[in-house]
Every structure is written in structure tokens, then in C-alpha cells.
Amino acid sequence: MSETKDFLRTIVEEDLKAGKYEQVHTRFPPEPNGFPHIGHAKSIVLNFGIARDYEGICNLRMDDTDPTKEDMKYVEALKDAVKWLGFDWGEKVYFTSDYFGKLYDYAVDLIKMEKAYVDSLNEEEIREYRGTVTEPGRRSKYAERSVEENLDLFERMKNGEFEEGAHVLRAKIDMSSPNMKMRDPLLYRIRHASHYRVGEGWHVYPMYDFAHCLSDYMEGITHSLCTLEFENNRDIYDWVIETLGLEPPRPYQYEFARLNMNYTVMSKRKLLELVEGNYVNGWDDPRLPTIAGYRRRGYTPESIVTFCEQIGVAKANSTVDVAQLEFCIRDDLNTKVPRVMCVMDPLKVTIVNYEGSELLDASYYPHDVPKEGSRKLPFSKEVYIDRADFSENPPKGYYRLTPDQPVRLKHAYIIACKEVVKDEEGNIVEIKAEYFPDSKSGSDTSGIKVRSAIQWVEVASAKPVEVRLYDRLFKCEAPEGLEDINPDSLKVIKNALVEPAVVDEKPDVRFQFEREGYFYADPVDYRDDAPVFNKIVGLKDSWAKKEKPKPQNKPKQKAQKPVQKEGEVAPMSAEEQGRFDRFTHEYKLNPEVANTLARDAKLADFFDEAVAVYESPVTIANIVANEVAREFKEHPDDALRFGPKEVASLAKMLDEETISSKIAKQVFEEMAKTGKSPETIVEEKDLKQISDPVQIAAVIDDVIAKNPENVAKYKEGNQKLFGFFVGQVLKATGGKANPKVVNDLVREKLEA
RNA sequence: UCGGGAGUAGUUUAGUUGGUAGAACGCCUGGCUCUGAACCAGGAGGUCGCAGGUUCGAGUCCUGCCUCCCGAGCCA
């Protein structure tokens with residue numbers, strides 16, 4: 001269960017609590033027309049996760065209504081992805097194509113209800129007739145066809161009697177709807193194509209908007225979760241279900257933001273471009289954000305699931321930092337995989353004072369990982385260390401081997417550099433070193449303190465391996481296209497050297513190569529005689545950060561107030577202006593409130609009527625412009641359960657200080673809900689204001705006594721806590737205490 | 001231009017009758033360490049898109065505005 005509830009889980013929980021459904025039923029409905037990526041993972045984790053959290057069901061459904069795009073290989077890839085992530089779709093995989101028969105029957109029903117018609121306009125005409133976002137469309141003359149004719153035409157469409165494009169079936173909704181999607185949306189189109197599953201039988205195929213809602217309904221889906229771009233389609237979703245008069249319970253659609261991540265691309269088109277242009281090596285290239293790519297790279301399903309849970313679900317478009325994903329995989333692997341040593345860029349070290357050889361005990365796990373396991377590490381006179389771990393002229397703060405600074409060979413001895421051997425060109429080719437016999441790991445009595453312990457391999461026993469170092473596929477955060485590809489996204493090291501246990505013992509398929517990162521035995525290319533390891537992710541490296549400080553984010557010029565353009569406010573009509581003048585002059589209303597009232601005839605009338613009952617224009621105006629306005633807004637179609645008269649008496653109580661403004665809001669809400677008069681509500685709930693200082697003081701004393709830390713903090717200068725105390729006192733009195741009195745007394749007592 | 005959505009630390013987000021703006025990642029310090037990792041402790045970082053209004057008190061309520069996303073496929 002995720003730590004904080006997202007808005008969808010909140011909805012599910014409320015629906016369940018309200019008894020709207022017996023059990024939650026979600027679905028993950030991809031179209032099998034491409035390889036799933038981490039964005040799909042978000043949807044999978046969401047849908048299956050909700051089912052799991054609320055003991056419901058989640059279907060896996062292939063939304064395969066376009067015969068020209070879909071393929072069985074994608075179905076398999078999708079199934080693999082879901083399974084790999086650890087979710088179970090139960091008995092069977094669902095296919096929209098299994099519903100073609102039923103869907104057809106529903107379409108016939110719609111025709112019989114005169115809610116659908118066969119349109120014979122061509123594609124261009126349909127577009128033209130649809131209008132634009134600002135102009136209404138107009139209906140095709142074919143919309144007037146009789147039910148019989150429509151039925152006949154539709155059946156013949158199905159039977160393949162017409163050319164593609166000759167006719168379509170459309171819903172008869174509203175060609176002037178402000179929502180373009182509702183301008184008689186297409187329900188069926190003719191396609192003389194072979195469907196990858198159902199074959200040749202059909203010549204008409206349902207559109208998404210018709211098939212999806214009905215598939216959801218037929219499967220008993222309760223919450224149909226999709227991405228934001230379908231917001232406009234929700235109206236059709238509801239229209240189809242309502243028009244068909246389907247028996248409840250019915251599904252409802254909710255939308256959430258799809259996943260975006262920096263330094264990568266997620267769109268099908270761009271991914272395809274990368275694969276087909278051979279910028280990467282296939283759909284499972286470890287640099288790709290595809291499930292297959294992450295899998296091949298060595299990411300664990302657990303880390304992906306955790307990531308999806310961490311980023312949450314909301315409706316704001318956003319781009320997640322890939323660092324969050326990297327954290328998840330490091331965090332997961334840290335407690336799971338054995339540590340071994342690998343030297344990427346070997347530099348020979350000869351330990352001049354060491355003779356013979358020995359096998360050293362070396363644990364696979366560091367002290368803080370509660371796992372057992374170790375191997376024998378061969379050690380002798382000649383070893384390799386990484387070039388980066390020796391420096392002849394070390395920068396400040398360098399911890400590793402230098403001519404003056406000894407270093408420990410991890411699990412072995414401390415060595416000190418005695419001589420640097422170079423070739424004619426001055427390149428370092430070998431280090432001659434001495435070791436300290438009493439510094440052996442585990443029984444060190446040398447007393448020598450070193451800053452660092454570095455990885456190494458013994459020359460005689462080291463095994464060559466290929467290591468593939470993967471970096472971000474794109475060099476910028478928001479890549480647009482191929483031009484943003486990072487030329488160094490893959491670096492292959494053909495002859496890295498690992499300690500023998502890695503390939504002889506094979507304690508795991510994933511390792512941490514100490515001080516380098518996490519690596520995975522490539523599932524495709526790895527062979528015993530030619531091992532290949534993929535870099536999953538590097539270790540955090542604060543030294544590298546210090547060494548190569550990023551190109552300083554330009555001297556942040558404190559984003560000097562982005563002077564916001566003020567938009568134009570619509571001018572008032574003569575009538576509105578007249579009201580405005582009357583309100584400001586006659587009633588002395590504040591111009592802001594007068595403006596709100598004047599521009600809304602309903603509010604203005606309401607206000608006038610209330611003032612006629614009780615002449616306190618300012619108080620009434622405030623209530624009308626704020627509270628009443630909200631009621632109108634929230635219930636645009638319903639009649640209000642209260643009228644100007646009630647508002648007038650509420651204003652009266654406020655003016656006479658019978659109740660506080662805080663309580664007035666409460667009374668108003670109750671009034672709006674039940675229609676009772678304010679007097680009755682105040683009477684029934686005993687909401688009269690408490691202004692007696694003695695009574696209030698007692699409450700304050702109590703609050704102060706109960707919150708000594710906050711009192712101290714306040715006295716130290718945390719002014720913001722003042723509101724806390726006032727709030728506590730008000731809470732204790734059920735909101736009835738006179739806030740002005742409370743404020744004065746709290747200040748007095750706290751300052752005392 | 002019309003309709004629908006969305007704006008809270010660098011990033012992703014929580015914020016439930018208006019009452020101390022929290023978390024995770026990232027960043028910075030320090031400690032510990034036979035991984036410059038992990039771990040532990042601490043810190044910086046927020047004009048809650050902007051401007052008004054209501055209120056003793058607004059991220060939360062009201063009004064106006066700004067910015068971004070989606071929408072005129074016989075794709076999904």
C-alpha cells in the first residue's frame with residue numbers, strides 16, 4: 001500500500017464506503033501495437049495496485065479495435081511486462097476483439113433508438129462538417145435516414161459490400177457541442193483488413209469511444225482509469241452507457257497524468273525512430289525506457305514498482321527526475337547483491353616484498369547488509385588496480401594511492417608506492433610497491449591509517465570480461481529528437497578484469513562491482529567463455545561531483561519578479577454598470593464586492609431582495625458575494641434551499657454579534673443543506689457566541705498548559721504559532737468563542 | 001478565439017469542516033566506515049501562478065487575471 005493516498009484511491013474508498021460497488025474492479029487496457037515502457041508500468045502498478053489494496057480485481061485487456069496496427073507479439077510483450085512486474089491477471093486475458101459481436105448488437109440498438117446513423121459523407125466532408133473549436137458544425141443530410149435504411153446499410157457494411165470510407169456509423173449527439181468529441185462521433189468504420197486475432201470475418205471495426213466504455217461495462221469494471229488526453233472523451237463514454245440505458249452498476253472514467261521522465265523519450269513514435277534507425281540495439285536496448293530495456297539492463301521489477309508508487313498519481317502534467325528511479329534501483333540492490341571486485345582500467349602493481357601466494361577470506365556483503373556468504377580471493381605479488389586509483393600529482397582531498405599516501409587493497413594488505421614505472425612517452429605502466437605484512441585485513445596490527453580501500457584483482461587469476469557502461473541516452477533533460485542523443489551513452493570495455501569467483505562461482509547474476517556500481521550479467525550475450533556485464537546504475541559518487549562541478553547554473557539572477565501581464569477585464573454592460581453604481585453609491589459597498597454582485601444578475605437580485613428584508617447592505621453583500629455565490633456555482637441547476645430572507649436574518653445575527661463570522665459560515669452551510677432558518681440552527685446547535693472573557697480565559701489557560709513546547713517556541717519568536725493557539729481555543733469552544741476576544745486574551749497571556 | 005484540465009521547495013507530491021505548509025528524491029554539513037557507497041545526525045531550500053476581496057486568521061472560500069496541457073484521426 002502506498003504511503004499517502006492518491007486522489008483515485010480516495011475516490012475508490014469513498015465509493016466502496018458508500019456501497020456504490022461491492023468490489024472494486026479495474027483494468028489495464030493497452031493497445032497491442034508497441035512495446036510497453038515505464039509509462040505503462042505506472043498504469044499497471046496503479047490499476048493492479050488498487051485492485052490489490054482494496055481486495056478487488058484487475059483485468060488485463062488488449063484494446064485491439066484497429067486491425068491495421070496490432071500484433072500478437074505485442075500481446076506477448078504486454079503479458080510479459082505485467083507478469084514480470086509481479087501482477088496476476090487471473091484466469092484469462094481479455095480482448096476487445098472478443099466483444100465484436102456484442103458491440104455490433106449494441107450499435108444496432110443505438111440505430112433502432114435513432115441514436116446512430118450511417119453517414120456517407122467522405123472523410124474530407126466529415127471534417128468540414130464538424131466545424132471548428134469556435135464554430136459549430138452542421139449535421140450531414142444522411143442523418144435523416146430511416147432506421148430501416150440504417151440497419152440495412154450497417155449490415156451490408158459489416159458484410160463487406162462497400163469500399164473502405166464509403167460509409168461510417170455515427171452517434172447522433174450534437175453537432176454544435178462545445179466539446180468537439182461530441183459532434184456525432186464515429187462509432188464504426190469499414191476496414192477490409194485481417195485482424196490479427198479474429199481474422200477475416202469483420203468488415204467493420206468499432207472505434208475506441210464506442211468499444212471502450214462498453215468493454216468496461218461488460219467486464220464489470222467500476223473505475224476506468226486512463227490518462228489525461230481522454231478527458232474530452234469522457235462525455236462520449238457517459239453518453240453511450242446512458243443512452244443505451246444499461247443496468248447499473250456502471251463504470252466511471254477518471255483521468256490521471258501520464259509519466260514523463262527527463263533525459264529520455266516515451267512516445268511510441270520516438271521510440272520507434274530510435275529502434276528503426278539503429279540508434280539503439282532493438283527494443284530491449286538497456287538505454288531505452290522500455291520494460292524490456294530495463295529488464296535487460298538489470299533493473300529489478302521491485303525497483304520499478306517502488307518507483308511507480310513513489311511518484312504518485314495526480315492530474316498535473318509533470319516530468320519526474322530519473323534520479324528518483326536510480327535511487328529506487330540502488331536502494332533495492334544495496335541489500336540484495338554480492339560485492340565483488342572488477343578493475344575497468346588495469347594498472348599493474350608489483351609488490352616487491354611479497355613472495356608466494358595465499359587465499360584471502362572475503363565476505364560478499366558489507367557489515368551493514370544482513371546476508372551471509374564469502375569467497376576465497378587469490379592474492380600474490382602481482383595485482384591490477386584501477387588507473388584512477390593512483391595519482392602521481394594528486395588533487396587536494398584525494399584519498400587513494402599516491403607516492404606519499406598508502407592505500408589498502410580491499411580484503412588484503414595496505415601497500416605503499418615505491419616507484420612509478422613509465423614508458424618512453426611518460427605514460428605510467430606499472431607501480432612498484434611494498435606491502436605491510438602486519439596489515440592483513442581482519443588481523444591488522446600495523447596501526448597504519450589509510451583513507452581508502454580500493455578494488456584490485458590478482459594478475460594470475462583475473463578473468464577478462466566485457467563490461468557495457470550505459471549512460472543516459474540523451475544529453476539534455478527534455479530531448480526533442482535525434483539531435484539530442486548523447487554520443488557517449490554506451491561505452492564498451494572489452495577487457496575489464498574480475499576476480500575469479502564472479503565467473504567461476506557465479507554467486508548471483510547481479511553484482512555490485514565495488515566502488516563502481518551495480519552490474520548485471522547480460523541475459524542475451526553472456527557466455528561462460530565470454531562473460532558480458534551491463535552497468536545497471538553507478539554508485540553515488542560525491543568525489544566525482546567535487547572533482548567535476550557541473551557547469552554552474554548561471555549565476556542565478558534571483559528571477560526578478562516575472563512581471564505578470566495583466567489581462568483585460570471585460571467591460572460591464574450598461575445594466576451591470578448601473579447596478580455597480582447603485583451598489584457603490586447608495587449602499588457604499590466596497591467596489592470589489594459591488595463588482596462581483598453587479599456582474600451577476602442572479603446574485604444582484606438575491607442581494608436586492610435580502611436588503612429589502614433587512615437593511616444591512618454591507619454584511620449581506622459579503623455573504624452573497626462569497627457564500628451564496630459558491631452555492632450557485634456548486635449547484636448550477638438545482639434550486640437553492642434557502643432564500644434572501646434567510647440570508648437577511650443571518651446577517652442580522654452577525655450584525656448583532658449573536659454569532660461570530662466563523663460560526664456564520666457553519667450556519668450558512670447547514671442552511672444551504674437543510675433549508676432551516678438560521679435562528680433554528682443556532683438554537684438547535686447552541687451556537688451563540690461566547691464573549692465572556694472569564695470563560696474564554698479559562699480555556700486559554702488550559703490550552704497553554706497543554707502545549708508547553710509551543711509556548712516556548714512562541715516566546716522564542718515564532719510568531720506563526722499565534723494562529724495555532726487561537727485555533728486551539730476556538731476548537732475547544734466549538735468555534736463559539738468570540739475570536740476578537742480570544743486574540744486579545746491569547747496575546748495578553750502569551751506575552752505575560 | 002470556444003470547451004475541458006492543471007499550477008504547493010530544484011523534482012515528484014501530501015495538505016479532509018479556514019487555525020504551526022509536511023514527505024520522498026536531489027542538494028549541502030558533520031559523524032561513522034576496509035566501498036568517496038550504505039548507514040546515522042543535522043541543514044539549506046516555499047512570494048502555495050498573480051492581483052484583489054471576505055475573515056481575528058486564507059494553500060484552503062469569492063472575483064478577476066496569467067501561464068501551461070488536451071481537443072477539429074474513419075488512431076487509442
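Chain A is the first sequence line, chain B the second, and so forth, proteins listed ahead of strands; every chain is numbered from 1.
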For nucleotides 64-67 of chain B, print each protein N/O atom paired with a nucleotide N/O atom at under 3.5 Å, atom names and distance only.
{"residue": "B:rC65", "atom": "O3'", "partner": "A:Gly567", "partner atom": "N", "Å": "3.3"}
{"residue": "B:rC65", "atom": "O2'", "partner": "A:Gly567", "partner atom": "N", "Å": "2.9"}

Listed pairs, N/O of protein and of nucleotides 13-15 of chain B, under 3.5 Å:
{"residue": "B:rU13", "atom": "OP1", "partner": "A:Ser318", "partner atom": "OG", "Å": "3.1"}

Q. Based on Watson-Crick and G-U pairs with both distances under 3.5 Å, what dot-bracket line describes RNA chain B 5' to 3', crossing pairs as [ ] and inter-strand pairs as |?
A. .((((((..((((.....[..)))).(((((.......))))).....(((((..]....))))))))))).....

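For A:Lys633, a side-chain nitrogen or oxygen approaches OP1 or OP2 of B:rC62 to under 4.0 Å. Using a 4.0 Å cut-off, some side-chain N or O of A:Lys740 falls inside it from OP1 or OP2 of B:rC56. Listed pair A:Arg189 / B:rC75 meets the phosphate criterion, a side-chain N or O lying under 4.0 Å from OP1 or OP2. At B:rU63, none of the side-chain N or O atoms of A:Asn626 fall inside 4.0 Å of OP1 or OP2 (strictly under the cut-off). Side-chain N/O atoms of A:Lys545 include one lying less than 4.0 angstrom from OP1 or OP2 on B:rC28. The side chain of A:Arg183 contributes no N or O atom lying less than 4.0 Å from OP1 or OP2 of B:rG71. Considering only side-chain N and O atoms, A:Asn590 lies under 4.0 angstrom from the phosphate OP1 or OP2 of B:rU54. Contact annotation: A:Arg130 side-chain N/O to B:rC74 OP1/OP2 distance is under 4.0 Å.
Atom NZ of A:Lys268 is surrounded by more than 12 heavy atoms from other residues, nucleotides or ligands within 6.0 Å.
Among all heavy-atom pairs drawn from A:Ala604 and A:Phe583, the shortest one is CB-CZ, 4.1 Å. Nearest heavy-atom pair across A:Arg170 and A:Leu187 is C-CD2, 3.8 Å.
Between A:Glu31 and A:Lys69 there is no salt bridge, since none of the side-chain N atoms of the basic residue sits less than 4.0 Å from a carboxylate O of the acidic one.
Taking the nucleotide of RNA chain B with the nearest heavy atom to each of A:Val168 and A:Gln728, the more 5' of the two is matched to A:Gln728. Toward the 5' end of RNA chain B, the nearer of the two residues A:Glu70 and A:Leu721, judged by each one's closest nucleotide, is A:Leu721.
A:Tyr208 has its ring centre less than 6.0 Å from the ring centre of A:Phe230.
The CD-P distance, from A:Gln689 to B:rC56, rounds to 10 Å in whole Å. The distance from atom CG of A:Leu228 to atom C1' of B:rA6 is 8 Å, rounded to the nearest whole Å. Following rounding to the nearest Å, A:Met180 (CE) and B:rG4 (C1') show an atom-to-atom distance of 13 Å. Following rounding to the nearest Å, A:Lys662 (NZ) and B:rU55 (C1') show an atom-to-atom distance of 10 Å. Taking atom CD of A:Glu128 as the reference point, atom P of B:rG73 lies 12 Å away to the nearest angstrom. A:Asp600 has its CG atom 21 Å from the P atom of B:rG53, to the nearest Å. Rounded to whole angstrom, the span from the CD1 atom of A:Ile236 across to the P atom of B:rG3 amounts to 19 Å. For the pair A:Gln253 CD and B:rG5 P, the interatomic distance rounds to 12 Å; values are reported in whole Å.
Using modelled atom types, no side-chain atom of A:Asn233 and backbone atom of A:Lys181 make a donor-acceptor pair closer than 3.5 Å. At least one donor-acceptor pair closer than 3.5 Å links the side chain of A:Lys42 to the backbone N or O of A:Ala257.
Take A:Tyr413 and apply the ring pair (Phe, Tyr, Trp, His ring centres under 6.0 Å) test, not counting sequence neighbours, and it matches A:Phe379, A:Tyr435. Annotation: side-chain contact (heavy atoms from CB on, under 4.5 Å) contacts of A:Glu627 (sequence neighbours excluded): A:Ile623, A:Arg630, A:Lys665, A:Phe668. Taking A:Asn707 as the reference, A:Val703, A:Asn710, A:Phe724, A:Phe725 meet the side-chain contact (heavy atoms from CB on, under 4.5 Å) condition, with sequence neighbours excluded. The side-chain contact (heavy atoms from CB on, under 4.5 Å) check on A:Glu128 picks up A:Arg138, with sequence neighbours excluded. Qualifying salt bridge (charged side-chain N to carboxylate O under 4.0 Å, His left out) partners for A:Glu516, counting only residues two or more places apart in sequence or in other chains: none. Residues meeting the salt bridge (charged side-chain N to carboxylate O under 4.0 Å, His left out) test with A:Lys336, sequence neighbours left out: A:Glu302, A:Asp332.
Within the nucleic acid shown, A:Lys181 comes within 4.0 Å of at least one base atom, counting heavy atoms only. Within 4.0 Å (heavy atoms only), A:Asp744 reaches no atom of the nucleic acid at all. Nucleic acid contact class of A:Asp321 (heavy atoms, under 4.0 Å, all strands): sugar-phosphate only. If you check every strand for non-hydrogen atoms under 4.0 Å, A:Gly137 touches nothing.
Relative to the six-membered ring of A:Phe722, A:Arg747 meets both conditions, a distance below 6.0 Å and an angle of at most 45° to the axis.
Nucleotides B:rC68 and B:rU63 place their C1' atoms 22 Å apart, quoted to the nearest Å. Between the P atoms of B:rG49 and B:rG15, the separation comes to 15 Å (whole Å).
Here B:rC62 is the nucleotide among B:rC62, B:rG73, B:rG71 with the atom lying nearest to any side-chain atom of A:Arg630. Among the nucleotides B:rC74, B:rC70, B:rU54, the one closest to any side-chain atom of A:Glu229 is B:rC70. The nucleotide whose nearest atom lies closest to any side-chain atom of A:Glu669 is, among B:rU17, B:rA72, B:rG3, B:rU17. In this structure, of B:rA76, B:rC74, B:rC62, it is B:rC62 that holds the atom nearest to the side chain of A:Thr596.
A side-chain contact (heavy atoms from CB on, under 4.5 Å) with A:Ile126 holds for exactly one of A:Arg130, A:Glu123, A:Glu124; it is A:Arg130.
Judged by atom type and distance alone, A:Asp235 does not reach the base of B:rG4 through any side-chain donor-acceptor pair under 3.5 Å.
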Q) What is the per-nucleotide protein-contact pattern of nucleotides 35-40 of chain B, from the 5' end, where B denotes a base atom under 4.0 Å from a protein heavy atom, S denotes such proximity for sugar-phosphate atoms only, and - denotes neither? A) BBSB--

Side-chain donor-acceptor pairs under 3.5 Å in residues 733-743 of chain A, sequence neighbours left out?
{"residue": "A:Thr733", "atom": "OG1", "partner": "A:Val729", "partner atom": "O", "Å": "3.3"}
{"residue": "A:Thr733", "atom": "OG1", "partner": "A:Leu730", "partner atom": "O", "Å": "3.0"}
{"residue": "A:Thr733", "atom": "OG1", "partner": "A:Ala737", "partner atom": "N", "Å": "3.3"}
{"residue": "A:Lys736", "atom": "NZ", "partner": "A:Asp686", "partner atom": "O", "Å": "3.1"}
{"residue": "A:Asn738", "atom": "OD1", "partner": "A:Lys740", "partner atom": "N", "Å": "2.9"}
{"residue": "A:Asn738", "atom": "ND2", "partner": "A:Ser691", "partner atom": "OG", "Å": "3.2"}
{"residue": "A:Asn743", "atom": "ND2", "partner": "A:Pro739", "partner atom": "O", "Å": "2.7"}

Side-chain atoms of residues 315-327 of chain A: list all donor-acceptor pairs with protein atoms under 3.5 Å, sequence neighbours left out, distances to 0.1 Å.
{"residue": "A:Asp321", "atom": "OD1", "partner": "A:Asn262", "partner atom": "ND2", "Å": "3.4"}
{"residue": "A:Asp321", "atom": "OD1", "partner": "A:Ala323", "partner atom": "N", "Å": "3.0"}
{"residue": "A:Gln324", "atom": "NE2", "partner": "A:Gln310", "partner atom": "OE1", "Å": "2.9"}

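Classification of B:rG73 as syn follows from a glycosidic angle within 90° of 0.
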